Structure formats: structure tokens, C-alpha cells
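Presented below is the structure to which this report refers.
Keep in mind it's a predicted model, so treat the numbers as computed, not measured. In the text below, chain A, chain B and the rest are named by the order of the sequence lines, each starting its count at 1.
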2 protein chains.
Amino acid sequence: MRTSPSLTSAQLAGAPLPSPPSSLPDYVADQLRAAILGGHVAAGTPLRQEDIAKQLGASRPPVREALRLLEGEGLVELRPRRGYVVASLNMTEVAEIFDIRERLEEHAAELAALRRTRKDVSEVAALLTRMEALDESELGLFAAANHAFHTRIFQVADRPRLLRMMLSLRETVERYIRLGGALSADMPTVRDEHRAIFAAFEAGDSVTLGRLSRAHVAGTGHRLLAALAAREQSHAG
Amino acid sequence: MRTSPSLTSAQLAGAPLPSPPSSLPDYVADQLRAAILGGHVAAGTPLRQEDIAKQLGASRPPVREALRLLEGEGLVELRPRRGYVVASLNMTEVAEIFDIRERLEEHAAELAALRRTRKDVSEVAALLTRMEALDESELGLFAAANHAFHTRIFQVADRPRLLRMMLSLRETVERYIRLGGALSADMPTVRDEHRAIFAAFEAGDSVTLGRLSRAHVAGTGHRLLAALAAREQSHAG
DNA sequence: AAACAGAATATTGAAGACAATCCTGTCCGG
DNA sequence: CCGGACAGGATTGTCTTCAATATTCTGTTT
């Protein structure tokens, strides 16, 4: 038995090597990212290189490279000579990220509204339909559908770097969203917002889509921060 | 003689180990970053791990970690099985970055105007004075002073992540700015913009400072893109 | 003479081993 | 009984070595 649990095998699921994503460090990074974003490893959890290497059937050097990669993404932190730990965000940092996302997603949405094609609209419509078919009992699936819906719209903007930045920021706060249950809260509101967003996208109304997208991010942020505040309150002491 | 020059010793200056920045990979990353941003290595230059390791007195594993770090920053690209090369940006990508910077810097400027203290104002004033004391003959010093001036203002916003993102984007296009000579072009305009920015900052006029900052970024972007276009024109064939 | 195929070389990708450092537990002293 | 110092163990940081693959050169063939 360990006194300070670092990472159990059950948290790193998946076959040993289903399809090597070009390189071993990338594969390791993918697995770790999924484990962290899936909320299977709590913030502050120390990431022992030896354990990870053994569980993924690799050696330590590739694991180190993967951790460097994740460090750049802000998912893990390096304490010199003390190893890597899963990065933790306080409420101030979460708020800052949502604040940035507001600006970025508003901009991307504006561009998307101007560049949309019929094909884009029909695909986004399909994603919206798929998302609305899910009820609150399938939160995992709903989160995935939600992600696909928004990402598909942003892809229309055709700004690779902007998209990468938005996704990275989103990923960073994603696990908190699930933790705080901010998605399930106020489901009808979220549904209405999605419909309005789609309508503006379909209509090609740039400023409206931008405004709605920004408000949507802000709303999610507020719900999450409220949930985190409540959580912190109950964990006080 | 090499047929395809990768990286000469002269391009990686500096003492072997002046002050170890906590870890060897970080040190290597710092050196490489400086070499790339300084414009000493052209875009597309292959980065041979063995050469870098030898020149910096390290081994290959730390170099690999450093390259992974830089990969996350977008300064180098990894071609699987073919090694790392200095990342190159086409004009579309440069334009995209400036477009993002407009939104980010506008936001940061707005926040800075609201949070400024007397101390902040006096320090920024000093930086402005220092910058104006330099003439066009000292472009390197001017660029540094310019960087310090804007960064100091953005620091007032007290948004660490936002600041990091802005600096990272700025760094990515920095070497093109020097290459294109976009800084020297239209020096009087730049000077006026800086004065207006300082005035709004001093006055605490949030929306004006935001608008001016955004326009300043846009102006720099336009000048740079024009310079790059001209350059491309002359290099045609 | 040019194009293709094969081999040799060079470079990346990965693994194992060694050294340095930090943490944990215990023992001793106040 | 509590606090500090020391020793043992564990973990990180780095190096050396080995394997796999892409590139390039050369030789041959058409």
C-alpha cells in the first residue's frame, strides 16, 4: 500500500498500443491527457515517471517528453527535483481563462458566421439534433456532443491557431466543468442558448453569433464558478 | 563542408553554463529560443540534436525535452522521423496571429487602465522616455524598449495567463518584425501611437486605451505584412 | 546519359544504467 | 514530550548505448 497514492493502473485504461500516434511520447501524452481531462486523476496528484512508463509499456525518456508537452499545455506542473503533478487551478485562474475564452470565441464565431457554407450549416444542425437527443442522464455523452457542436462551428472560421488556443483553454477547465456539474445545472437555459447560436449561425448574422457565443461562455463560466464556490464552502475546514 | 547547413556554433553564443536555469532542458530551450527569436537561424533550418547537444555541452535527451517544449510554443516543428526544424510562418499565419493579438491586447489594455496605480504610471512614463531617447540607428535597443513599454502596461492587468499568451504570440512573430524592418518604417506614427497610449493609460480611460492598443497592434501587423509582401515580391523566382 | 535499385551512412527514437538530490523515518538530545 | 539531525530509501535528472528508419551516394542498367 502506498501512503500517497500517485496513479493507479485503472486510471490509465486502454490497450497497450492500439495505433501508435506517430510517436511514443505523443501516445503517452494522449493517454495522460485523457486521464487528466476525464477527471480520473485529481489535481495535485504526483505523476511518477516510473509508474506511468510501466503502465503504458514504455520507458522513462518518452514519458518525460510527454510530460514536457503537457507542461506546455498547462495540464501538469513541474516542481524542480520534485517531479510533475497534475496542475490545479484556483477560482481566480478559472475566471481568467473564461475571460479569455469570451474574447476568443466571440471572434471565432464572428468569422464563422461570415464563412459558413450550406454543408457547414447542415452538419452543425445534425450535431445540434444529436445533442438534444441526449438527456441529463448521459452527461458524458452530452459533454462530448456539446464539444463537437461548438468545435464544428469554430472550424468554419478557418483559423487553425485560434482554434488550437480555444481548445487548449477549454480542455484546461473541462475537468472542472465536470467536477462542478456546471453542465447539468440549468439545462434548459443551455439548450435555448444552443438553439439561438445555431439560428444566428444559419442566418450568417456575424455580430449576433459573436455576442451569443460570448454570452454562452460567460454563462458557463458563471455557473462553474458558482459551483466551485459552493463546493469550496462545503469543504471548508 | 556541409551541403545543408544546420546550425553553426556562432549561432549559439553564450557561456557554457552561466547560471543553470533550474534544469538543463530549460537552459537548452532558453538558448535555442534566443537563437531563433534573434533571427540567427532562418526558418526551415533543421535542428540536429547531436550538434546542439555538443555545442551546449549537454547530451541528447535534455535537448529532446527542450525541443518538445519549444514545439509547444510553436517555435519549432517536428517532422516524424525527420527531426525538428525551425518553424516557418506564411503570411496567412502571421496575419492570424496579429488578429488574435488585437483582441487579447485590447482586453489586457482595458483591464490595465482600470487597475493602474501611481507607481505604474510613473514607471511606464520612464519606459516611454527611455524609448524616445533612442533613434532609428539603434533598432535592437529600440525593440527592447518597445517591448518593455508594452509589457509593463499589460502587467498592470494582473492576468498571468493572458500575459503569457500575449508574450508567446508576440515572440512568435518577433523575428519577422525584425526581418521585415516593420519597426523602422513609419517611426513618427509609432511614436505618436505610443504617446496616445500612455496618455490614455495615465488618464485611466479604459475603452480608449483598449481601442488604441488594438489599433497599434493592427498597425504593426499591416506594416509587417506589407514588408513581407514586398520581400516576397522581390524574391519571386 | 539518365533513371532506378541497392547499400552505406547518418540521424532519430527508445531503452537501460548511473549519479545527484530530496523526502521519510528514526534516533538522540534538550 | 517535543524538536532537530542523521541515515536510508526513493525519485528525478542525465548519460551512454542500441535499434530502426530515412536519406544519399554509388553502381548498374536501359
A:L24 side chain: which of C:dA15, D:dC15, C:dT12 is closest?
C:dA15

Using only atom types and a distance under 3.5 Å, with no angle test, would you say the side chain of B:N146 pairs donor to acceptor with the backbone of B:A143?
no

Rounded to the Å, how far apart are A:E65 CD and D:dG13 C1'?
14 Å

Whichever of B:Q49 and A:A58 has its nearest DNA chain C nucleotide further upstream toward 5':
B:Q49

Salt bridge flag under 4.0 Å for residues A:E71 and B:R68:
no

Any B:R81 side-chain nitrogen or oxygen under 4.0 Å from OP1 or OP2 of C:dG13
no

Test: B:R214 and B:E105 ion pair at under 4.0 Å:
no

Interatomic distance where CG belongs to A:L69 and P belongs to C:dG13 [whole Å]:
13 Å

The side chain of A:R64 lies closest to which of these nucleotides: D:dT12, D:dT16, C:dG16?
D:dT12

Go through the steps to decide whether B:E106 and A:R103 satisfy the test side-chain contact (heavy atoms from CB on, under 4.5 Å), and finish with yes or no.
CA-CA 10 Å; B:E106 174 180 32; A:R103 272 77 189 175; over 6 Å; no

Mind calculating the distance between CD1 (A:I52) and P (C:dA15) to the nearest angstrom?
14 Å

Calculate the interatomic distance between A:R82 atom CZ and D:dA10 atom P; express it in whole Å.
18 Å

Applying side-chain contact (heavy atoms from CB on, under 4.5 Å) to A:R130 and A:L134, what does each step give before you reach the verdict?
CA-CA 7 Å; A:R130 204 178 76 190; A:L134 299 167; 5.8 Å; no

To the nearest angstrom, the OH-P distance between A:Y27 and C:dA14 comes to 13 Å

Between C:dG13, C:dT21, D:dT16, spot the one nearest the side chain of B:P61, thanks.
D:dT16

Side-chain N or O of A:R60 versus OP1/OP2 of C:dA15: is the shortest distance under 4.0 Å?
no

Atom CG of A:L67 to atom P of D:dT12: distance rounded to whole Å?
9 Å

Round to a whole Å and report the spacing from CG of B:L78 to P of C:dA14.
10 Å

Spacing between A:E50 atom CD and D:dG9 atom P, to the nearest angstrom
18 Å

Between C:dC22, D:dC15, C:dT11, spot the one nearest the side chain of B:R48, thanks.
C:dT11

